[in-house]
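Read through the structure below, which is laid out as structure tokens, and then see the notes.
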Amino acid sequence: DVTGKQVFVDTRKDPMRIKFLSEIPEIDLRVVHLIRDVRGAVVSFMNHRADNVVQAAFRWRIINMNSERARRFVTPERWLRIRYEDVCADPQGAVDTIADFVGVDRVPAPWDFYETIHHVGGNRMRQREPGVGAVQRDDSWMSRLNDRDLAIIARIAGAANRYFGRAWPPA
């Protein structure tokens with residue numbers, strides 16, 4: 001009502017919110033589950049939350065498996081899973097897929113993420129300088145994680161990573 005917009009995007013990662021929003025008949029709820037390979041997510045959590053490998057692997061598993069459990073609150077056609085790596089490889093394709101899913105007009109994906117005004121209050125990315133926000137895949141986990149880290153991650157979250165369609169760790 002305040003903005004006059006028809007669509008609101010809530011970026012919270014609380015799967016219980018899906019349950020409560022699904023119970024409001026006036027809301028045409030659509031869920032986009034953006035999921036990243038556990039190894040990349042672990043390094044991101046370690047960078048931004050000061051988690052260690054164990055905490056980060058558990059965090060990833062809990063967030064994503066709880067999200068998967070929340071699927072029962074919406075019909076299958078109202079749930080879209082998108083891989084982080086696919087967004088990075090084809091930002092426009094991802095934006096188009098989401099627009100079609102939500103039922104809004106397609107728009108050009110910005111070449112620089114920071115050219116567009118965003119209202120993601122808690123996200124530090126919004127504070128960066130314009131001109132440095134190209135969508136790009138971060139594979140720093142390849143150099144940051146050693147064999148011991150990978151073994152820990154595989155033990156904690158490897159089965160879930162495979163559940164979400166990843167080939168790692170090998171079964």
Side-chain angles (χ1 to χ4, degrees), residues 9-19 30-74 76 78-98 101 109-116 118 120-171:
V9 177
D10 182 351
T11 61
R12 295 181 199 200
K13 295 175 178 71
D14 178 6
M16 286 310 296
R17 190 168 181 83
I18 295 167
K19 176 190 184 310
R30 311 290 172 105
V31 178
V32 177
H33 181 191
L34 177 66
I35 189 162
R36 185 174 186 182
D37 181 279
V38 65
R39 297 164 293 182
V42 162
V43 168
S44 180
F45 288 152
M46 289 168 52
N47 288 340
H48 300 291
R49 296 179 163 273
D51 285 349
N52 62 40
V53 171
V54 171
Q55 292 167 324
F58 273 116
R59 181 182 307 279
W60 180 92
R61 188 180 80 191
I62 289 166
I63 289 169
N64 287 292
M65 294 312 292
N66 282 343
S67 293
E68 187 65 11
R69 282 189 275 283
R71 288 182 74 149
R72 71 181 182 266
F73 301 117
V74 296
R78 296 192 178 282
W79 189 281
L80 174 66
R81 184 182 302 139
I82 294 185
R83 294 165 30 119
Y84 159 87
E85 297 80 4
D86 296 337
V87 172
C88 294
D90 182 11
Q92 186 63 59
V95 168
D96 290 348
T97 296
I98 293 169
F101 171 70
W111 286 103
D112 182 342
F113 177 83
Y114 301 107
E115 288 177 351
T116 305
H118 300 277
V120 183
N123 191 324
R124 288 177 286 193
M125 288 176 59
R126 76 195 189 314
Q127 298 171 348
R128 292 193 185 157
E129 293 295 319
V132 296
V135 174
Q136 54 189 336
R137 183 173 166 163
D138 178 0
D139 284 329
S140 62
W141 65 266
M142 291 181 184
S143 61
R144 295 265 322 269
L145 299 174
N146 59 39
D147 289 343
R148 181 179 177 274
D149 295 335
L150 291 169
I152 290 169
I153 295 166
R155 192 169 52 253
I156 294 170
N161 203 49
R162 284 192 308 274
Y163 174 86
F164 289 112
R166 309 302 177 141
W168 186 89

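Residues take their numbers from the sequence shown, with the count starting at 1.
Between P15 and S67, the shortest heavy-atom contact is CG-N, 3.6 Å. Nearest approach of R72 to R69, heavy atoms of both residues: NH1-O, 3.0 Å. When all heavy atoms are compared, the tightest approach of F164 to H33 is CE2-CE1, 4.0 Å. Residue W60 comes nearest to A160 through the heavy atom pair CZ3-CB, 3.6 Å, listed as atom of the first residue, atom of the second, then distance. Across all their heavy atoms, R71 and R81 have their closest contact at NH1-NH2, 3.1 Å. Nearest heavy atom pair, residue R61 against residue I156, reads NH1-O, 2.9 Å.
D37 is linked by a side chain to side chain donor-acceptor pair (under 3.5 Å) to R39, N161, counting only residues two or more places apart in sequence or in another chain. F45 pairs by the ring pair (Phe, Tyr, Trp, His ring centres under 6.0 Å) definition with nothing, not counting sequence neighbours.
Side-chain atoms of Q55 and M46, non-hydrogen and from C-beta on, never get closer than 4.5 Å to each other. Side-chain contact check for W141 versus V42: every heavy-atom pair is 4.5 Å or farther apart.
For the atom pair I82 CD1 and I35 CD1, the distance stands at 12.0 Å (nearest 0.5 Å). For the atom pair E85 CD and D138 CG, the distance stands at 10.5 Å (nearest 0.5 Å). Between atom CD1 of residue I63 and atom CZ of residue F58 there is a gap of 13.5 Å, rounded to the nearest 0.5 Å. L34 contributes atom CG, which lies 7.5 Å from atom CD1 of I98 (distance to the nearest 0.5 angstrom). Atom CD1 in I153 sits 6.0 Å away from atom CG in D149 (nearest 0.5 Å).
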- [ ] For the pair D96 and Q92, evaluate side-chain hydrogen bond (donor to acceptor under 3.5 Å, both in side chains) and give the outcome as yes or no after the intermediate values.
- [x] CA-CA 6 Å; D96 290 348; Q92 186 63 59; 2.8 Å; yes
Task: side chain to side chain contact (heavy atoms under 4.5 Å, CB included) assessment of V38 paired with W168 - done: CA-CA 9 Å; V38 65; W168 186 89; 3.7 Å; yes
- [ ] Please assess I18 against V74 for the test side chain to side chain contact (heavy atoms under 4.5 Å, CB included), listing each intermediate value before the final yes or no.
- [x] CA-CA 8 Å; I18 295 167; V74 296; 4.2 Å; yes
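Environment of CG in D147: sparse, with no more than 12 heavy atoms of neighbouring residues, nucleotides or ligands closer than 6.0 Å.
Using a 4.0 Å cut-off between charged nitrogen and carboxylate oxygen, R17 and D14 do not count as a salt-bridge pair. Classification of R49 and D51 as a salt-bridged pair fails, no side-chain N sitting under 4.0 Å from a carboxylate O.
In this structure a side-chain-to-backbone donor-acceptor pair under 3.5 Å is missing from S44 to G40. R30 places a side-chain N or O within donor-acceptor distance of the main-chain N or O of F101, the cut-off being under 3.5 Å.
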